Protein chains: 2
Amino acid sequence: MSDTNNIDKIGQLLRQGGMSVTEKRVQILHLFFAQPGNALRHADIEQQLGSMDRVTIYRTLHTFLEKGLLHTIPNADGTAMYALCKDECHEGHHHDDHVHFLCSQCGVTICLDGIVVPQVKLPQGYAARQMEMVISGTCQTCNI
Amino acid sequence: MSDTNNIDKIGQLLRQGGMSVTEKRVQILHLFFAQPGNALRHADIEQQLGSMDRVTIYRTLHTFLEKGLLHTIPNADGTAMYALCKDECHEGHHHDDHVHFLCSQCGVTICLDGIVVPQVKLPQGYAARQMEMVISGTCQTCNI
DNA sequence: CGCATTTTTGCAACGTTGTTGCGAATTTAA
DNA sequence: TTAAATTCGCAACAACGTTGCAAAAATGCG
């Protein structure tokens, strides 16, 4: 996918979600589209966009979460990770039922979009609403 | 299990792991044995033990993690949760392959020791070392 | 038991992550 | 182009977690 195509798509996505199209939002969303499937932390974005204010990044990530553009990935180390949602996600109604993979060698977090979280039978009395599965190990690149 | 039995067991566990038996360690470990299966956050412990120093709690939790008495549960809200390990866990070699349940109503986190994380087939090139599965919804008590 | 050594604890200070309020700048709509 | 609404940057704050160091407690040994 070409860079200009991404930029067109980004403006469209923002307008579709009822958000105004600002420079900062485009910059942040562009980072996610540059490496689809890869999750980013606040610190990654801050580093790559150098001059952008910390608070703006936090607020933008929250906005994207609310509007269903991003989803979070639970992380043992306590820092929030964000990744692009697929088209089926809408405002307040996520479908991120895929497995996440965390490489313990290079640290990258990847959405395994093709792999759905398997069902489990809960004990009597428990009702499931959401399931999260994170597998850690070594990724394609680090395994060579 | 009676309270005195717990206290005996706690001293034994600490000595077995090569730790000295101190008042603070006994107090913290006792909290976990009081509600087996339930996970605790640093803040829970601080609240229940009122006078204990924050730093001592952090350091004790780390020690118990290292020695294989506790394991962590990844948590979307960013705060670390800790729960007792089963007997099969040893220093540096955890077997916490059970599913964790997080009640979104009362906030409690429970180890579902009977339910093992199901295997998933990863794409070519990925090697799994650890799997985490957290299901959120409503628990037994809140579902009545 | 009493004493020396090792370990643990509490305090203070610091770092990181994330949030809130508010005025200035930007975007949008008319 | 201009007015209203939204977003951005700065400052200040709060929560969570870590580190260094001196006092206190636990352990080991004669």
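In this text, all values refer to a predicted model and were calculated from it rather than measured experimentally. A, B, ... follow the sequence lines: proteins, then strands. Residue 1 opens every chain.
- Note: CD1 (A:Ile57) to C1' (C:dT16) measures 15 Å, nearest angstrom.
- Counting non-hydrogen atoms under 4.0 angstrom, B:Arg25 reaches the backbone sugars and phosphates but no base.
- Between the CG atom of B:Leu40 and the CD atom of B:Gln48 there is a distance of 6.5 Å, given to the nearest 0.5 Å.
- Defining each end axis of the helix from C:dC1-D:dG30 to C:dA30-D:dT1 as the rotation carrying four pairs' C1' atoms onto the next four, with five pairs an end, the two axes are found to diverge by 40° to 10 degrees.
- In this entry the distance linking CZ of B:Arg15 with P of C:dT7 reads 17 Å, nearest Å.
- Closest to the A:Thr22 side chain, of the nucleotides C:dA12, D:dG9, C:dT27, is C:dT27.
- In this structure, A:Asp44 contributes its side chain and A:Arg41 its backbone to a donor-acceptor pair below 3.5 Å.
- Taking SG from B:Cys85 and CG from B:Leu65, the interatomic distance works out to 8.0 Å, rounded to the nearest 0.5 Å.
- One finds a side-chain N or O of B:Lys24 lying less than 4.0 angstrom from the OP1 or OP2 phosphate oxygen of C:dG10.
- Along DNA chain D, the nucleotide nearest to B:Arg54 and the one nearest to B:Met19 differ in position, and the one closer to the 5' end is contacted by B:Arg54.
- Between the P atom of C:dT8 and the CZ atom of B:Phe64 lies a distance of 10 Å, rounded to the nearest Å.
- Comparing atom distances between the B:Thr60 side chain and each of C:dT9, C:dC11, D:dC10 picks out C:dT9 as nearest.
- Atom pair B:Asp53:CG and D:dA25:C1' shows a separation of 15 Å (rounding to whole Å applied).
- Side-chain contact check for B:Leu13 versus B:Phe64: every heavy-atom pair is 4.5 Å or farther apart.
- In this structure, A:Glu23 places its CD atom 11 Å from C1' of D:dC8, rounding to the nearest Å.
- Taking atom CD of residue A:Gln27 and atom P of nucleotide C:dT27, one finds them 11 Å apart after rounding to whole Å.
- Within a 6.0 Å sphere centred on CD of A:Gln47, other residues, nucleotides and ligands contribute 12 heavy atoms or fewer.
- Inter-residue side-chain proximity for A:Met131 and A:Gln119 is flagged as met; some heavy-atom pair is nearer than 4.5 Å.
- Using cut-offs of 30° and 60° for the angle between ring planes, the B:Tyr58 and B:His42 rings count as parallel.
- Taking atom CD of B:Glu46 as the reference point, atom C1' of C:dT9 lies 15 Å away to the nearest angstrom.
- Note on B:Ala80: only backbone sugar-phosphate atoms sit closer than 4.0 angstrom, heavy atoms only; bases stay farther off.
- Considering only the side chain of B:Tyr58, D:dG17 comes nearest among C:dT17, D:dG17, C:dC11.
- Between A:Gln47 atom CD and C:dT16 atom C1' there is a gap of 15 Å when expressed in whole angstrom units.
- Checking D:dA26, D:dC21, D:dC8 against every side-chain atom of A:Arg59, the shortest atom distance belongs to D:dC8.
- The shortest distance between side-chain heavy atoms of A:Ile10 and A:His30 falls below 4.5 Å.
- Between B:His62 and the phosphate of D:dT18, there is a side-chain N or O to OP1/OP2 separation shorter than 4.0 Å.
- Closest to the side chain of A:Ser20, from the set D:dG9, D:dG17, D:dT7, is D:dT7.
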